[in-house]
2 protein chains.
Amino acid sequence: MQKCIKCNSVDGVIRSGFLRGKQRFFCKLCNFHFILENENARLPQKATQATIVDLAKHLGIAASTVSRALNGKADISPFTRKAVMQAAIDLDYRPNLLAQSLNKGKTNTIGVVIPNVELPFFATALASIQQVAIDTGYRIMVCHSSESEAIEKLNTETLIACRVDGLLVSHSKETTSFEHIQRVLAKSIPIVHFDRVCNEIDTPKVIHEDFKGSFDLVEHLILQGCRKIGVMLGPQKFYISQIRLEGYKAALQKYGIEVDEKYIYYSEMNKNDGTKAFEYFINLPNPPDGLFAMLSRNAIEMMVEAKKRQIKIPEDMAFVGFGDDILCELFEPSLTVFNHFPTKVGEAAINLLIENIKNKNTTSSTIQSVQGELVIRDSSFKGKS
Amino acid sequence: MQKCIKCNSVDGVIRSGFLRGKQRFFCKLCNFHFILENENARLPQKATQATIVDLAKHLGIAASTVSRALNGKADISPFTRKAVMQAAIDLDYRPNLLAQSLNKGKTNTIGVVIPNVELPFFATALASIQQVAIDTGYRIMVCHSSESEAIEKLNTETLIACRVDGLLVSHSKETTSFEHIQRVLAKSIPIVHFDRVCNEIDTPKVIHEDFKGSFDLVEHLILQGCRKIGVMLGPQKFYISQIRLEGYKAALQKYGIEVDEKYIYYSEMNKNDGTKAFEYFINLPNPPDGLFAMLSRNAIEMMVEAKKRQIKIPEDMAFVGFGDDILCELFEPSLTVFNHFPTKVGEAAINLLIENIKNKNTTSSTIQSVQGELVIRDSSFKGKS
DNA sequence: CCAACTATCAGAAACGTTTGTGATAATCAT
DNA sequence: ATGATTATCACAAACGTTTCTGATAGTTGG
């Protein structure tokens with residue numbers, strides 16, 4: 001029925017079970033098990049990338065010697081070393097980082113989880129993170145969650161599956177459960193939160209002055225004469241929303257202004273939410289004379305609406321936003337903002353993480369706050385100081 | 001002198017060479033070589049991450065069985081499979097992607113090289129690339145070159161050292177030599193260029209309509225009555241600069257307008273180069289009545305300068321730019337642009353790459369052009385059509 | 001000249017997977 | 001009951017490195 005692939009005889013061949021879905025045979029004559037392979041399974045494979053073993057064979061020496069020569073270890077004669085180096089160039093050898101990492105137990109790679117690269121804050125922070133990483137010999141692997149909790153969790157899994165040495169995390173706006181972070185901690189993988197941190201878990205964090213920035217902006221509005229100050233926040237559960245709201249309230253309290261819930265507007269931080277927020281505020285029985293938006297983009301969207309309605313800025317209505325941006329500077333009127341220096345935040349975060357990777361003593365519960373700066377511009381400045 | 005670490009005797013121990021800088025000993029009694037270890041070298045290591053072998057030991061079966069059970073292969077009894085699955089949960093097992101990739105010879109990872117995430121075009125393109133990657137089961141590893149040729153080459157090396165399955169490349173503005181790309185090709189690693197492509201090497205490319213976009217913008221200016229049209233480009237050697245310049249010239253030619261070299265300005269595409277360019281143009285003996293900038297950010301910088309000088313836009317001077325952006329839409333006057341749809345470019349690029357990874361038949365020299373769209377706004381529209 | 005020492009290298013194990021092959025006990029058919 | 005067949009698993013090799021251990025030939029010193 002079936003020729004034995006070893007002795008070519010037909011007589012002794014019997015069927016012998018199924019292996020991975022395929023019929024298996026057994027030749028009683030040569031005492032050999034086999035399966036019929038489909039022919040094209042064994043294509044030549046064209047090994048394109050030279051390995052250490054290739055170098056070793058090429059030179060007629062042991063692979064271990066090649067490795068030591070390449071890595072500049074002792075125990076190698078100058079002659080051998082030179083030969084190995086030359087062979088590496090000739091064969092265009094590149095070390096396989098996968099194998100190296102597997103062997104060494106570390107990847108020299110840092111995983112970065114951010115909600116959205118299209119937000120200028122994260123783009124800039126990311127750029128600075130990458131720069132520091134390069135300078136310190138690390139690679140980064142960036143995942144963005146597109147503001148989705150599910151994707152954020154997926155990304156975290158992926159990164160720990162890739163065995164990154166550490167994690168830099170900024171949560172999506174909809175993230176409310178943090179088991180994925182707990183799991184990272186349980187495996188004692190160093191992690192640092194930045195910007196959108198999670199206050200329910202004890203991790204090192206780098207934040208900016210959310211409270212102070214918010215406070216300063218609102219105080220500035222008050223000093224410019226505003227008394228009815230509206231605030232546009234992100235989602236209500238969102239940690240940053242809460243902190244910034246506290247800053248807002250504190251400033252009002254300092255000047256004896258009562259907090260009116262009607263002046264607090266929560267949003268999903270989507271593209272045209274500023275427009276919606278303005279609609280809301282302007283239709284209040286007693287519209288605000290000052291508006292503070294958590295994202296400066298939203299503040300600008302609101303100003304666009306205000307200009308459409310011939311509202312004078314800043315006289316009739318003043319605007320301030322959180323986070324600086326080229327748009328804030330170039331828009332007319334230019335927007336008063338609290339600059340939270342994304343570059344500094346990124347740098348602080350990765351430096352803290354690298355430190356934690358190196359000294360395994362997991363100095364957690366460090367909280368670094370990056371100093372920000374109030375930038376007063378035309379959208380709110382009425383000449384008072 | 002030195003106690004043997006095996007038989008604890010002192011008599012038979014002699015020095016025997018140096019190994020990696022450390023004194024080596026030999027015990028003649030137990031015929032054993034050894035080196036003095038520093039104590040803290042052998043710290044417990046606290047293996048935190050469970051492996052397949054851990055699962056196997058825990059269940060008292062072979063590692064291969066565990067692997068097959070986890071991967072849903074045949075040959076596993078339902079009972080065993082269930083036990084393995086449960087153990088995987090109990091021990092919080094995560095497959096080691098490094099080991100998997102090393103074994104399989106592929107990483108399911110795509111390397112992305114971009115010049116700068118802070119440019120809106122690349123941020124948006126990157127977001128769409130990541131989305132497609134997730135949907136198709138790939139990971140991406142992003143490196144940005146910060147517009148530096150050296151870093152770009154470094155990044156390319158890193159990515160091929162990580163054994164990515166394919167490469168998505170957009171060159172830095174200063175890249176003029178392409179050996180690093182040649183090397184990638186030599187190793188037959190699939191590669192796709194997008195946006196800032198390299199026309200000297202035969203690779204699949206995804207571009208947008210640089211020529212047509214440029215042509216349309218300039219033609220639009222002409223139709224609005226402009227006759228002296230200045231153009232602000234990137235570096236002269238930069239491929240995109242050349243193509244867009246050709247579109248500019250073609251439009252002038254179509255309407256019988258002579259090309260004047262004085263109206264061509266090259267820049268480094270830095271932050272305030274728009275301001276410098278405007279200084280240049282406005283100080284010409286015969287200043288332009290229309291300005292076309294290769295980056296819309298630069299166009300807006302020029303408009304800021306123009307407004308400072310009370311120049312009426314678009315009556316006295318009209319502006320257009322390449323690439324759309326929220327800033328273009330919100331700035332006043334809003335900027336006429338050629339939208340080149342970064343999302344589409346990113347999607348097309350990664351789809352093309354994945355196709356090339358799967359069918360190894362390297363269908364190179366494919367050039368896909370993503371259709372763009374002229375968006376006419378206030379900065380140039382004078383009522384004529 | 002011989003023991004002690006040195007420089008240089010080879011071999012093997014390990015990192016965590018996947019997969020090809022062989023082995024065993026149980027089941028089936030006659 | 002016995003030989004054919006099946007289901008299930010174990011074992012080992014392989015991926016490309018690094019590193020530990022041991023082996024060899026050569027060198028030194030008295």
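No experiment lies behind these values; they were computed from the predicted model shown. Each chain gets a letter, A, B and so on, in the order its sequence line appears, and its residues count up from 1.
With hydrogens and angles ignored, no donor-acceptor pair closer than 3.5 Å exists between the side chain of B/T65 and the base of D/dC9.
In this entry the distance linking CZ of A/R163 with C1' of C/dG16 reads 9 Å, nearest Å. We find that CG of A/N96 is positioned 6 Å from C1' of D/dG16, with the value rounded to whole Å. Taking atom CG on B/L98 and atom C1' on C/dC15, their separation rounds to 10 Å, with Å as the unit. Spacing between atom CD of A/Q49 and atom P of D/dC15 amounts to 14 Å, rounded to whole angstrom units. Separating the NZ atom of A/K57 from the P atom of D/dG16 is a distance of 10 Å, rounded to the nearest angstrom. Remark: C1' of C/dC9 and CZ of A/R68 are 7 Å apart, rounded to the nearest angstrom. Atom NZ of B/K73 is separated from atom P of D/dC9 by 15 Å (rounded to the nearest Å).
Where A/I52 and B/S64 each meet DNA chain D at their nearest nucleotide, the meeting point lying more 5' is that of B/S64.
Side-chain contact of B/E355 with B/N359: a donor-acceptor pair under 3.5 Å is absent, judged by distance alone.
A/R81 comes within 4.0 angstrom of nothing in the nucleic acid, heavy atoms only. Among the heavy atoms of the strands lying under 4.0 Å from B/T80 are primed sugar atoms or P, OP1, OP2 only; no base atom is included. In this structure, A/S67 reaches the bases: a heavy-atom distance under 4.0 Å links it to at least one base atom across the strands shown. Residue A/F79 is classed as having no contact, given no heavy-atom separation below 4.0 Å to the nucleic acid.
B/S67 contributes no side-chain N or O that, together with a main-chain N or O of B/A63, makes up a donor-acceptor pair within less than 3.5 Å. At distances below 3.5 Å, not a single donor-acceptor pair connects side-chain atoms of B/D165 with backbone N or O atoms of B/I110.
When the nucleotides C/dG11, D/dG16, D/dC9 are ranked by their closest atom to the side chain of A/L102, D/dG16 comes out on top. If you check D/dG16, C/dC9, C/dT17 against the side chain of B/V53, the one that comes closest is C/dT17. Of the listed nucleotides (D/dA10, C/dG16, C/dT18), D/dA10 has the atom at the smallest distance from the side chain of B/A62.
Inter-residue side-chain proximity for A/L91 and A/L55 is flagged as met; some heavy-atom pair is nearer than 4.5 Å. The side-chain heavy atoms of B/P204 and B/N356, taken from C-beta on, include a pair separated by under 4.5 Å.
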